[in-house]
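Read through the structure below, which is laid out as structure tokens, and then see the notes.
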2 protein chains.
Amino acid sequence: MWFHVDPSDGLPIYMQIINQIKRATANGLLKAGDQLPSVREMAVQLTVNPNTISKAYQELERDGIIKTSRGIGTFVAEKEIKIVYEERTKEMMAAIDRLLVEAHHLGFSRDEVFKLLEDRIKDWKVSDK
Amino acid sequence: MWFHVDPSDGLPIYMQIINQIKRATANGLLKAGDQLPSVREMAVQLTVNPNTISKAYQELERDGIIKTSRGIGTFVAEKEIKIVYEERTKEMMAAIDRLLVEAHHLGFSRDEVFKLLEDRIKDWKVSDK
DNA sequence: AAATGTGTACTACAAGAGTAGTACACTAAT
DNA sequence: ATTAGTGTACTACTCTTGTAGTACACATTT
């Protein structure tokens with residue numbers, strides 16, 4: 001599998017794994033039901049301790065992104081939104097605000113952000129199939 | 001001044017301060033040249049150690065958001081974008097991707113994100129004056 | 001030169017994060 | 001029952017983070 005990790009990235013290993021899996025499920029590379037590599041398999045491949053992988057998997061499970069069963073394996077979960085509407089929206093707006101603040105300090109106007117997002121979404125769509 | 005801090009927030013105190021100042025400069029509450037409270041003043045007001053404030057100010061200065069002079073005080077910096085275009089754009093796209101991944105896991109479609117951002121930008125604009 | 005207001009350096013310490021080693025526990029197949 | 005595959009608990013160690021205490025250094029005003 002296409003996981004890779006850079007120990008000197010600053011970002012902790014288990015975080016890098018989490019990010020990759022989140023992205024993969026977000027863009028369809030990983031679909032509900034897909035089995036992930038076992039903690040040992042992945043640990044060997046990345047030359048990392050099994051617990052590090054386990055930690056990533058545990059956090060992903062807490063977020064409801066994967067489902068893991070002892071002795072069986074770890075799988076991408078069925079998508080089910082559990083949080084209530086207001087909560088979701090609140091979090092989403094907070095995320096958007098963070099983006100806008102960051103954009104401002106990178107020197108982008110809000111309209112530019114809008115445009116960039118528009119383009120990006122189009123890109124995602126075509127690669128969607 | 002309107003700074004406030006919650007020690008039990010999980011987010012470290014100096015980060016909370018950084019965020020508030022970043023936001024304030026991003027939405028115009030703080031403008032270039034405005035003086036910030038001295039480290040001591042703010043430390044007393046928030047019942048926190050001066051070094052904690054200092055750490056926040058240092059990080060903000062590294063980001064070019066404020067300008068500080070020993071014995072004088074700390075001020076909001078003139079906006080000057082130092083990073084080259086490609087770098088800025090790269091970071092911005094990364095931020096947008098992070099937002100889209102987060103949105104997906106919150107159960108928002110990309111079009112919904114688009115719509116929310118559109119609304120949000122409109123809001124910012126009217127409160128712009 | 002003294003006083004007062006500014007930011008800072010140095011030190012220390014408690015708490016937590018990150019990873020690894022090792023041994024255990026569950027499940028399915030043989 | 002055994003085996004081979006899975007995830008996990010426990011422990012320990014290192015390194016970093018976050019904050020505080022204290023003392024210092026610079027700038028301006030008097």
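Everything numeric in this text was worked out from a predicted model, so none of it was measured. Naming convention: chains lettered A, B, ... in sequence-line order (proteins, then strands); numbering from 1 in each chain.
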- Query: Without hydrogens or angle criteria, can the side chains of B/S8 and B/D6 be said to hold a donor-acceptor pair below 3.5 Å?
  - Reply: yes

- Nearest 0.5 Å please: distance from the CE atom of A/M92 over to the CG atom of B/L99. 4.0 Å

- Working to the nearest 0.5 Å, report the span between CD1 of A/I66 and CG of A/L36. 6.0 Å

- Task: Report the residues that fulfil side chain to side chain donor-acceptor pair (under 3.5 Å) with A/S38, sequence neighbours left out, ordered by chain and then residue number.
- Result: none

- Could you list all the side chain to side chain donor-acceptor pair (under 3.5 Å) pairs where at least one residue sits in residues 13-23 of chain B, not counting sequence neighbours? none

- With B for base contact, S for sugar-phosphate-only contact and - for none (protein heavy atoms under 4.0 Å), nucleotides 25-30 of chain C reads SBSS--

- Query: Taking OP1 and OP2 of C/dT6, is either one under 4.0 Å from a side-chain nitrogen or oxygen of B/S38?
  - Reply: yes

Quick one: side chain to side chain contact (heavy atoms under 4.5 Å, CB included) partners of [X], sequence neighbours excluded?
X: A/S69; result: A/I72
X: A/A24; result: A/W2, A/L29, A/L30
X: B/A43; result: B/P50, B/I53

- Task: Kindly say whether A/M93 contributes a backbone atom to a donor-acceptor pair with the side chain of B/R120 at under 3.5 angstrom?
- Result: no

- Task: Under 4.0 Å from any atom of DNA chain D, heavy atoms only: list the residues of residues 10-25 of chain A that qualify, in numerical order.
- Result: none

- So which of residues 51-59 of chain B are in contact with DNA chain D, with a heavy-atom cut-off of under 4.0 Å? B/N51, B/T52, B/K55

- Task: Identify the 5'-most and 3'-most nucleotides of DNA chain D with at least one atom closer than 4.0 Å to a non-hydrogen atom of chain B.
- Result: D/dG18 to D/dT28

- Message: Suppose we screen for salt bridge (Lys or Arg N to Asp or Glu O under 4.0 Å). Which residues come up paired with A/K79, at least two apart in sequence or across chains?
- Response: none

- Message: For residues 29-55 of chain B, which residue pairs pass the salt bridge (Lys or Arg N to Asp or Glu O under 4.0 Å) check, not counting sequence neighbours?
- Response: none

- Item | ring pair (Phe, Tyr, Trp, His ring centres under 6.0 Å) partners of residues 89-123 of chain B, not counting sequence neighbours, each pair once | A/F114-B/F114

